[in-house]
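Data first, discussion second: the structure below is written as structure tokens.
In what follows, every chain begins at residue 1, and chains take the letters A, B, ... in the order their sequences are listed.
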Amino acid sequence: MIRAYATENQFHRSLNLYSKMLDTELTPDKYAFPFALKSCAGLSDLWTGKQIHLHLIRYGCSVDLFVDAALVDMYAKCGEVETARLVFDKMTVRDLVSWTSMISGYAHNGYNSETLEFFDLMQNSDVKPNRVSILSVLLACGNLGMLRKGEWFHNYVIQTGFQSDILVATSIIDMYTKCGSLDSAHYLFDQTMGKDVVCWSAMIASYGIHGHGRKAIDLFDRLVDEGVRPNHVTFTCILSACSHSGLLEEGKKYFDLMKEYEVVQELKHYACMVDLLARAGKLSEAEKLIERMPVKQDSSIWGSLLGACRIYGNLDLAEKVADRIFQLDPTHAGYHVLLSNIYAAKSRWSEVERVRALMAGKSTKKILGYSWIEFKNQVYKFSVGDRLNPQSEKIYSLLEELAAPMINLGYVPVTDFVLHDIEDEAKEVALSYHSERLAIAFGLINMSPGTPIRITKNLRICGDCHNAIKFISKIVKRVIIVRDMHRFHHFEDGVCSCGDYW
DNA sequence: ATAGGGTTAG
């Protein structure tokens, strides 16, 4: 029964029975523990997971292939990757599933390079990967934006025949999407037989994140024609796609359509709608939607609105919205910076100072921005103004060389994005060495002419860099593809695919 | 008798 409930995702019931079992004279055995642990994993219930870990030691089940794999999985799914690794290291015998549990734990917790390293280690231990273990490396390649490595795995999948597996195919489509190769994603999607709703959703998401809202809509309508039932993820994908392309009326239509399919409108769907309305300039409509939505608000849904307040220079609403945000999430550095930028754009320097002081007083957690690029099977990472790369000399002189032609073509640095107490000239310098520009210069120096430069960035690209990269793409006659935390920007001949709508 | 798995806002 513990197993049956765990298998049916009824984790609370599963654990209730486990707990009842402890009250009897029976003791759980090595067949019960994996499923009790699976239920903890499903609930991300670390506390109960640790209790069960103690039980299984007490009952002498701590050296068992199945129990240990379940422990690794439980710790990983509860975010305790290091503990999972300790359990894994203690195992005396490891099979494909134990390796895969660990690799998947790495992949799903953002330990992307570890995922790839561990996959190699597994193969060196003469454990042959199967379709399940492939999913994790594809996820890691996608997260890292490692297109060449991802292509290598795609080829590997073709050789091994795993491509006919719909889960693997979907993962490859997603990998290509996240590596900026929309064409490859689309090509594989068309080739894939027996597509289910997940695969369709992945492709809709793909068009969305690359800014092809119309194609996402066509695909959604095709999915419906083929009798596939869209689910909560499919709707998230289509709403997000509409939002990235500014398709306001279409987005509203799909939001309403959710009711017909009896798909519950969750926070993530409202977030897309707020974003869509706000970026289209319907600020008060967006505000009203947040106020009257029947799901619990979070700081980020107000954050979308604050972002739109910056675009439209609406200071009054920005102040009101920022109040709400700081009540919900007082230590978020990004929203403080956003608010101070809104003040800066209106030259309200004393307010800028006030927000900065507020920020310092609350010890906000600032995420350091960085950008990276794949080159020769490696990832090269840059942060603003750093000189850690051996080719720094060349990188900085290339950026300096580009400055004059950029200005000749009409580039004007916009320094609103830098805090105002730096001198103007210093601001321009700080901007011109943002991590994405260093990564792009590295790509231009090292990659053969004609190949697109693909950059990944952990934050949103700043407005000035977005503008600068347009000019760079024109001058160097290169396609530059930037993935920021939000979406893709394809720069070519001075134009960005996002149409500056982002 | 037992395990590992694809899509999702900001």
Side-chain angles (χ1 to χ4, degrees), chain A residues 2-4 6-7 28-38 41 61 64-74 76-77 94-105 107-108 122 129-139 142 162 165-175 177-178 185 189 192 195-206 208-209 230-244 266-276 278-279 298-308 325 329 332 334-335 338 459-460 484-487:
Chain A
I2 293 166
R3 179 181 95 186
T7 308
D29 65 1
K30 63 175 184 174
Y31 296 105
F33 289 125
F35 295 102
L37 289 166
K38 183 191 172 79
C61 296
D64 179 90
L65 194 56
F66 291 81
V67 172
D68 291 341
L71 270 175
V72 169
D73 188 51
M74 182 277 292
K77 290 224 167 75
R94 299 182 193 97
D95 66 353
L96 175 60
V97 178
S98 6
W99 277 97
T100 308
S101 299
M102 193 62 233
I103 291 172
S104 156
H108 287 95
M122 176 178 82
N130 68 355
R131 47 169 72 82
V132 182
S133 33
I134 294 292
L135 300 174
S136 289
V137 287
L138 289 168
L139 180 62
F162 297 146
D165 184 294
I166 186 64
L167 278 77
V168 173
T170 304
S171 288
I172 299 173
I173 290 167
D174 185 56
M175 179 276 293
T177 296
K178 291 183 173 142
F189 179 79
T192 300
K195 294 189 275 277
D196 61 7
V197 66
V198 180
C199 190
W200 282 92
S201 302
M203 195 60 223
I204 292 169
S206 184
I209 201 175
N231 64 16
H232 67 112
V233 179
T234 321
F235 277 106
T236 309
C237 297
I238 191 67
L239 291 174
S240 163
C242 289
S243 159
H244 285 308
E266 300 169 46
L267 181 64
K268 59 192 178 189
H269 305 111
Y270 279 102
C272 291
M273 287 311 290
V274 167
D275 200 51
L276 181 54
R279 279 201 293 205
D298 70 351
S299 63
S300 73
I301 199 160
W302 287 107
S304 301
L305 190 50
L306 188 63
I325 292 178
D329 188 357
H332 193 293
Y335 296 136
L338 189 52
L459 299 175
R460 288 197 66 186
D484 71 7
M485 72 183 295
H486 202 154
R487 60 167 297 154

Counting the atoms with a prime plus P, OP1 and OP2 as sugar-phosphate, which does A:R460 contact under 4.0 Å by heavy atoms, base, sugar-phosphate, or nothing? nothing
Counting the atoms with a prime plus P, OP1 and OP2 as sugar-phosphate, which does A:D95 contact under 4.0 Å by heavy atoms, base, sugar-phosphate, or nothing? base
Side-chain (A:S206) to main-chain (A:A202) donor-acceptor, under 3.5 angstrom: no
Is A:I103 touching bases, backbone alone, or none of the nucleic acid, heavy atoms closer than 4.0 Å? nothing
Base, sugar-phosphate, or nothing for A:H269, non-hydrogen atoms under 4.0 angstrom? nothing
Any donor and acceptor pair, going by atom type alone, linking the side chain of A:H244 with main-chain N or O of A:A241 inside 3.5 Å? no
Quick one: is A:K77 getting a side-chain N or O under 4.0 Å of the B:dG5 phosphate, OP1 or OP2? yes
Atom pair distance, as rounded to whole Å: NE2 in A:H244 and P in B:dT8: 11 Å
Using a heavy-atom cut-off of under 4.0 Å over every strand shown, decide if A:I173 touches base, sugar-phosphate, or nothing. nothing
Donor/acceptor link under 3.5 angstrom from A:S171 side chain onto base of B:dG6: no
Would one find a side-chain N or O of A:K38 under 4.0 angstrom from OP1 or OP2 of B:dG4? yes
With distance as the sole criterion, do the side chain of A:N130 and the base of B:dG4 form a donor-acceptor contact below 3.5 Å? yes
Checking all strands, does A:A70 fall into the base, sugar-phosphate, or nothing category for heavy-atom contacts under 4.0 angstrom? nothing
Using a heavy-atom cut-off of 4.0 Å across all strands, would you classify A:L239 as base, sugar-phosphate, or nothing? nothing
Should A:T177 and A:D174 be marked as a side chain to side chain donor-acceptor pair (under 3.5 Å) after you check the CA-CA gap, both sets of side-chain angles, and the distance that decides it? CA-CA 5 Å; A:T177 296; A:D174 185 56; 5.1 Å; no
Picking from A:I172, A:V168, A:I166, A:L167, what satisfies side chain to side chain contact (heavy atoms under 4.5 Å, CB included) with A:T170? A:I166
For the pair made of CG in A:L338 and P in B:dG10, what is the distance, rounded to whole Å? 14 Å
Using only side-chain N and O atoms of A:K178, determine if any of them is under 4.0 Å from OP1 or OP2 of B:dT8. yes
At under 4.0 Å between heavy atoms, what does A:F35 touch on the DNA or RNA strands: base, sugar-phosphate, or nothing? sugar-phosphate
Between A:I134 (CD1) and B:dG4 (P), how many Å, whole number? 18 Å
Would you tell me if any nitrogen or oxygen in the side chain of A:H108 comes within less than 4.0 Å of OP1 or OP2 on B:dG6? yes
Closer than 3.5 angstrom, by distance alone: can the side chain of A:D298 be matched with the main-chain N or O of A:I301 as a donor-acceptor pair? yes
Indicate whether OP1 or OP2 belonging to B:dA9 is found under 4.0 Å from a side-chain N or O atom of A:S300. no
Could you tell me whether A:D68 contacts a base, only the sugar-phosphate backbone, or nothing, with contacts defined as non-hydrogen atoms closer than 4.0 Å? nothing
With a 3.5 Å cut-off and heavy atoms only, can you find an N or O donor on one side and an acceptor on the other between the side chain of A:K30 and the base of B:dT2? no
Is the ring centre of A:Y31 under 5.5 Å from the base ring centre of B:dT2, and are the two planes under 30° apart, so that they stack? no
Rounding to a whole Å, what distance do you find between A:D165:CG and B:dG5:C1'? 9 Å
